[in-house]
Amino acid sequence: MDKNLLIEEAKKAREKSYSPYSKFKVGAAVLMRDGRIFHGTNIENSSYPLCMCAERNAIYNAMNNGYKKEDFLALALIADTEGPVTPCGACRQVISELMPKGTPILMASLRGDLQETTPEELLPFAFDEKALKNL
Ligand code: THU
């Protein structure tokens, strides 16, 4: 996997951001096993809770195109931050459920920072479907 290429794709996704309220543009890109790449960017709304993060949009974009959990190879995200941008808690929950354990998550910044992690490192003790079986 070419990490720099996926980060460049996340940067392209960021250019599509609709973030007139926060003015904080985020871009994400997911790489699939067959080589396809899907973009996601943050899309805000004047009704603030309706804002959607870049990472979730990228994952949902791939799934809306018929891809499944086992098809994800990597996710990259980028913003104009001091240090690598990290996913919010809601995105960590979604990443944890929809991407395989061990999937490289590349957290980058426009300034060239890069830190790599995994879904389980981002969200230890994740709530998952096992809990629902105890009802
Ligand atoms: N945002 C993301 O897109 N991803 C994150 O993980 C953190 C936050 C977006 C949501 C909102 O549009 C803006 O950044 C400011 O919170």
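All values derive from a computational prediction rather than experimental measurement. Heavy-atom basis, side chains included; hydrogens, waters and symmetry copies ignored. Residue indices begin at 1 and follow the sequence shown. Counting starts at 1 for both ligands and their atoms, in listed order.
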Any idea which atoms of ligand 1 are less than 4.0 Å away from a heavy-atom of Glu55?
2 (C), 3 (O), 4 (N), 5 (C), 6 (O)
Glu44 neighbourhood, listing ligand 1 atoms whose heavy-atom distance to it stays under 4.0 Å:
11 (C), 12 (O), 13 (C)
Of the protein's non-hydrogen atoms, which lies at the shortest distance from atom 8 (C) of ligand 1, and what is that distance?
Cys53 SG, 4.0 Å
Would you mind checking which non-hydrogen protein atom is closest to atom 14 (O) of ligand 1, with the distance to 0.1 Å?
Phe24 CD2, 3.3 Å
Side-chain H-bond candidate by donor/acceptor type, [X] with [Y], under 3.5 Å:
X	Y	answer
Lys12	His39	no
Ser22	Glu44	yes
Tyr67	Asp34	yes

So between Cys51, Ala58, Cys88, whose heavy atom ends up nearest atom 7 (C) of ligand 1?
Cys88
Taking 4.0 Å as the limit for heavy-atom contacts, which would you say applies to Ser22 with ligand 1: side chain only, backbone only, both, or neither?
side chain
Atom 16 (O) of ligand 1 protein-contacted, heavy-atom criterion under 4.0 angstrom
no
Pair Arg36 + Asp71, salt bridge at N-O below 4.0 Å:
no
Charged N to carboxylate O below 4.0 Å: is that the case for Glu116 and Lys3?
yes
Indicate yes or no for a side-chain donor-acceptor contact from Thr41 to the backbone of Ser17 under 3.5 Å, with no hydrogens or angles considered.
yes
Any N or O of Ala54 that comes nearer than 3.5 Å to an N or O of ligand 1?
yes
Short N or O distance, Asn42 and ligand 1, threshold 3.5 Å exclusive
yes
CZ of Arg56 to CD1 of Ile43: how many Å apart, nearest 0.5 Å?
12.0 Å
Would you say Pro87 contacts ligand 1, with heavy atoms under 4.0 Å as the rule?
yes
